[in-house]
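Quick note on labels: first sequence line is chain A, next is B, and so on, each numbered from 1.
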Amino acid sequence: MFDIRWIRENREAFDRGMQRRGLQPQAERLLEIDEERRKLLTELQELQNRRNAASKEIGAAMKAGERERAEALKAEVAEMKRRLQALEDAAREVEEKLRAALSELPNIPLDEVPDGESEDDNVEVRREGTPRAFDFEPKEHWQLGEALGMMDFEAAAKLSGSRFVVLKGDLARLQRALAQFMLDVQTREHGYEEVWPPLLVRDDALFGTGQLPKFAEDLFRTTDDRWLIPTAEVPLTNLVRESILPQDALPQRYCALTPCFRSEAGAAGRDTRGMIRQHQFDKVELVSITTPEEGRAELDRKLACAEDILKRLGLPYRVMLLCAQDMGFSAQITFDLEVWLPGQGKYREISSVSLCGDFQARRMNARYRPQDEKKPRFVHTLNGSGLAVGRALIAVMENGQNEDGSITIPEALRPYMGGQEMIGG
RNA sequence: GGAGGGGUGGCUGAGUGGUCGAAAGCGGCGGUCUUGAAAACCGUUGAGGGCCUUGCCCUCCGGGGGUUCGAAUCCCUCCCCCUCCGCCA
């Protein structure tokens, strides 16, 4: 959410940002509403001022026993009333209109973000690890999983429909091992505080992180008007909503392993096979709350925290800098990590790390009190996957597969698998 | 599900329809004292917004509406939190 005063003073920069996002210039429309709003406010405040003065005089006149003067003043104030009421209504209406308009606009990209319209315009920053050379045709994860009898899409369809999976036996355990491994690395080595958050949240929380009001169709809603979280970014970031933190409490780093629920409304026909794109998946999420000055450096740090998991699992990946129109609604800049899937022969997204600036903080009114300043300022927020567990499972399977369909477990996970080195075979 | 209690500044917590943006305490900041610190004492300290922007004004005591010349205070309504009972993992 943008500060209308900032738009007023940085009109060109704002519209340039909107344009990079693929939107028409917005400033003129917004500033018209703003001008209307300020005009009404000024008029309203003048009238309120007069009313207040008259009311005080009435009190004084009554005390002094000047009944006639008090009555005259009462009549005068009574006359203002209708006009005052009308102005109040109009002012509230136009403020709401402005708020509604602002709340639908995406964050604007930082200068270092490349222009572009789709994922084809994302920029590869670097590659890490070398894809393994196979002396046989590597299979896709669902082929491996089904052959092992540990990954069952048919059973899941009976229970829940498409885009669900049932994992069994060692694969179920491997999924659990991956999640525990990620949590342990992030909390014990990278300074994140482990959080066990609610999975059902209110409208306000989703407004705060930017999923609402615009993206309701991507979410699952409960019968009592709560929502299933699409990512732990929502509860973790909203931990600081409506608060003023002391500066020395920053940065705050939160980490949570949660299921995530997504309707995948706009993804019909995409990734229908296998467990790449599911309605329900586990993810270890990393959220940071920082000062404005520290935000950009924290982004690099968080990216490194996510990469560390891939490195320790021995999974080849590449780092992508997303182009302006491929970024999420609330992001100023996003790096994706794409893991190599030999079965598919493609790099696929496994983590997304974003800096949101004060965009979310404004929406949730999350502030801090700077050491040497009187006024509170908005915090900056960041989030990133560290990592998506289901996709990590796929990657471990496809990269660790053997010709006989067995899977070699990465060393880092073996302590979490009771020392086991292989699945199947 | 039943019954009750409550939402006030960074926090805790008073508040009689007018002089209440609001006592007091805590916390913060500045000072006195001290070699330094603590303690003590003194002072100071809410947020948002408008404008002819250094001063003046407006709004805000959960949200909205109402009564009134005037509402934190009275009425209505919605939201939220808590306690007890019941049920339950």
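Contacts of A/Phe207 classified as ring-ring contact (aromatic ring centres under 6.0 Å, His included), with partners at least two apart in sequence or in another chain: none. The salt bridge (Lys or Arg N to Asp or Glu O under 4.0 Å) search around A/Arg221 returns A/Asp203, A/Asp225, not counting sequence neighbours. Remark: A/Asp89 pairs with A/Arg92 by the salt bridge (Lys or Arg N to Asp or Glu O under 4.0 Å) rule, at least two apart or across chains. With sequence neighbours left out, A/Asn238 forms a side-chain hydrogen bond (donor to acceptor under 3.5 Å, both in side chains) with A/Arg241.
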Pairs: protein N or O with nucleotides 6-11 of chain B N or O, under 3.5 Å:
none

Sub-3.5 Å pairs of nitrogen or oxygen atoms, protein against nucleotides 72-80 of chain B:
{"residue": "B/rC80", "atom": "O3'", "partner": "A/Arg202", "partner atom": "NH2", "Å": "2.8"}

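Identified under the side-chain hydrogen bond (donor to acceptor under 3.5 Å, both in side chains) test for residues 143-172 of chain A, with sequence neighbours left out: A/Asp170-A/Gln420. Counting only residues at least two apart or in different chains, side-chain hydrogen bond (donor to acceptor under 3.5 Å, both in side chains) contacts with residues 1-18 of chain A comprise A/Arg8-A/Asp34. Sorted by first and then second residue, the ring pair (Phe, Tyr, Trp, His ring centres under 6.0 Å) pairs with a member in residues 11-51 of chain A read A/Phe2-A/Phe14; sequence neighbours excluded. Among pairs with a residue in residues 385-400 of chain A, those fulfilling side-chain hydrogen bond (donor to acceptor under 3.5 Å, both in side chains) read A/His141-A/Glu398, at least two apart in sequence or across chains.
Between the P atoms of B/rG2 and B/rC60, the separation comes to 35 Å (whole Å). Taking the P atoms as reference points, B/rG63 lies 10 Å from B/rG9, given to the whole Å. Here, B/rA37 and B/rG5 have their C1' atoms 46 Å apart, quoted to the whole Å.
Between A/Glu46 and A/Arg51, no side-chain nitrogen of the basic residue sits less than 4.0 Å from a carboxylate oxygen of the acidic one, so the salt-bridge criterion is not met.
Residues A/Asp34 and A/Val77 each lie close to RNA chain B; by heavy-atom proximity, the contact nearer the 5' end of the strand is made by A/Asp34. Two residues, A/Lys375 and A/Ala54, neighbour RNA chain B, and the one matched to the more 5' nucleotide by heavy-atom proximity is A/Lys375.
Relative to the ring axis of A/Trp227, A/Arg202 does not place its NZ or CZ within 45° and under 6.0 Å from the centre.
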> With Watson-Crick and G-U wobble geometry limited to distances under 3.5 Å, how should the secondary structure of RNA chain B be encoded in dot-bracket form, using | for bases paired to another strand and [ ] for crossing pairs?
Replying inline: ((((((((.[[[..)..(.....]]]((((((.......))))))((((((...)))))).[[[[[..)....]]]]])))))))....
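Spacing between atom CD of A/Glu96 and atom C1' of B/rG65 amounts to 16 Å, rounded to whole angstrom units.
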>> For nucleotides 51-61 of chain B, give me one character per nucleotide, 5' to 3': B if any protein heavy atom sits under 4.0 Å from the base, S if the only such contacts are to the sugar-phosphate, - if neither.
In response: S-----SBS--
